[in-house]
Amino acid sequence: MLQGKKIVLGITGSIAAYKSCLIIRQLIKKGAEVQVVITPAGKEFITPITLSALTHKPVISEFFSQRDGTWNSHVDIGLWADAMLIAPATASTIGKMAHGVADNMLITTYLSMKAPVFVAPAMDLDMYAHPSTQSNLRTLQSYGNHIIEPGTGFLASKLEGKGRMEEPENIVAQLEAFFAQAEAEQSASQSMAGRKVLITAGPTYEKIDPVRFIGNYSSGKMGLAIAEECARRGAEVELVCGPVSATIPQHANIHRTDVESAQQMYEACMALYPSADAGILSAAVADFTPVTVADQKIKRTGDDMVICLKPNPDIAKSLGAIKTDRQVLVGFALETNDEESNAQSKLQKKNFDFIVLNSLRDKGAGFRTDTNKITIITPDAMQTYPLKSKAEVAVDIIDQLQSILK
Ligand code: CTP
């Protein structure tokens, strides 16, 4: 797990600094590359010569290299690393990290670090138990840093034996466990690699005249969350987007086609669906559009105003009609009454493999919310989920899609 991993090891002024030699030895034995960054106080406890002999790299401690005066770039180190480990971490360094006191190379490196950071505190019990140290450790943890300690960690009520640095082999084991989990998540998350998914999102606008349209309250959030989830799992996403108010996720796998009307959305989908493995139709498509669009702004006349509407193409039904055996089609239904039977009949009419039902009677479901409450209906089963964030709902929908992808 540590093979080829680039680790920045921060060493500070603690008696436990000698143990960092053991950490380096184990990391290197497991195939990691180690770059030491040491504080001025750290050098009082262990010499840079010992450390560079073990790591086969010059030890960084000053902003400028003492040998040739070149600048040590903390930004470059922050980009180079796969992880930063600060072991031993003194109360002083922990305090500076918590408050951004960048007065040495180690703290500037920490502040520029793009990789996960692990901190192994080392100090006597009184310093460790002090509310200030405890509060700084909590702050570091709230910033996403991993605190490595013996026993059950600093939030435990009993402090006996605390403050002492965790043993080197346990520190290295925690790094290994972290990378193992990250790799497992990464490979699981690529479970849709090689798949192509067409997703429609948002409302459509049907033009009345140059300044007016018929639209609806769809924000597009549900469709965008689905697009993000598919991209995260490695799928190529063709996102056909009406005029959405939500922010569109930036991801290399998401290719976006912007449309305004149902007719434009229909044309984009008919072109993209044949090469897709699945289509997920979350857009709130206008069922009707004005028969004529006025060239100029319609003026008030004092009389009633009548707009004559004609039906729009049913995108879902058209895709359902050209769907092949290897393709999947997923629809949405937003209903106010007779929800299940309406959704069932749409499932059949539009040739969906499953339909995601939202009821406007459920609080927190449907348009203009960050949450949703759905029921997934397949031709022979039905499952209702609790109220969740739209990102979590997207996970449920894509899990269901993956279970039937051919
Ligand atoms: N849909 C579509 N094209 C349309 C209308 C709807 O692709 N012109 C899709 C929606 O994206 C959704 C599903 O069809 O996935 C159901 O949408 P809904 O508006 O509920 O269906 P309608 O057939 O319009 O039914 P209703 O009579 O309830 O309006």
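For this chain, numbers begin at 1 and follow the sequence in order. Counting starts at 1 for both ligands and their atoms, in listed order. In this text, all values refer to a predicted model and were calculated from it rather than measured experimentally.
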Begin from the C-alpha positions of Lys323 and Asp353 and carry the test salt bridge (Lys or Arg N to Asp or Glu O under 4.0 Å) through to its verdict.
CA-CA 10 Å; Lys323 184 175 85 170; Asp353 293 87; 2.8 Å; yes
Dump all N/O pairs between ligand 1 and the protein below 3.5 Å as a table: atom names plus distance, one pair per row.
residue	atom	partner	partner atom	Å
ligand 1	3 (N)	Ile315	N	3.0
ligand 1	7 (O)	Ala316	N	2.9
ligand 1	8 (N)	Pro313	O	3.0
ligand 1	11 (O)	Leu281	O	3.1
ligand 1	11 (O)	Ala283	O	2.7
ligand 1	14 (O)	Lys350	NZ	3.0
ligand 1	15 (O)	Leu281	O	2.6
ligand 1	15 (O)	Phe332	N	2.8
ligand 1	15 (O)	Phe332	O	3.3
ligand 1	20 (O)	Lys346	NZ	2.5
ligand 1	21 (O)	Lys350	NZ	3.3
ligand 1	23 (O)	Lys350	NZ	2.7
ligand 1	24 (O)	Asp287	OD1	2.9
ligand 1	24 (O)	Asp287	OD2	3.0
ligand 1	25 (O)	Lys346	NZ	3.3
ligand 1	28 (O)	Lys346	NZ	2.8
ligand 1	29 (O)	Asp287	OD2	3.0

Could you tell me whether Glu33 and Lys57 have a side-chain N and a carboxylate O separated by less than 4.0 Å?
yes
When you compare the side chains of Glu340 and Gln344, does any donor N or O come within less than 3.5 Å of an acceptor on the partner?
no
With a 4.0 Å cut-off, would you call Asp258 and Arg256 a salt bridge?
yes
What I want to find out is whether Glu167 reaches Lys19 closely enough, with some N-O distance under 4.0 Å, to be called a salt bridge.
yes
Asp314 and Tyr266 side chains, donor-acceptor separation under 3.5 Å
no
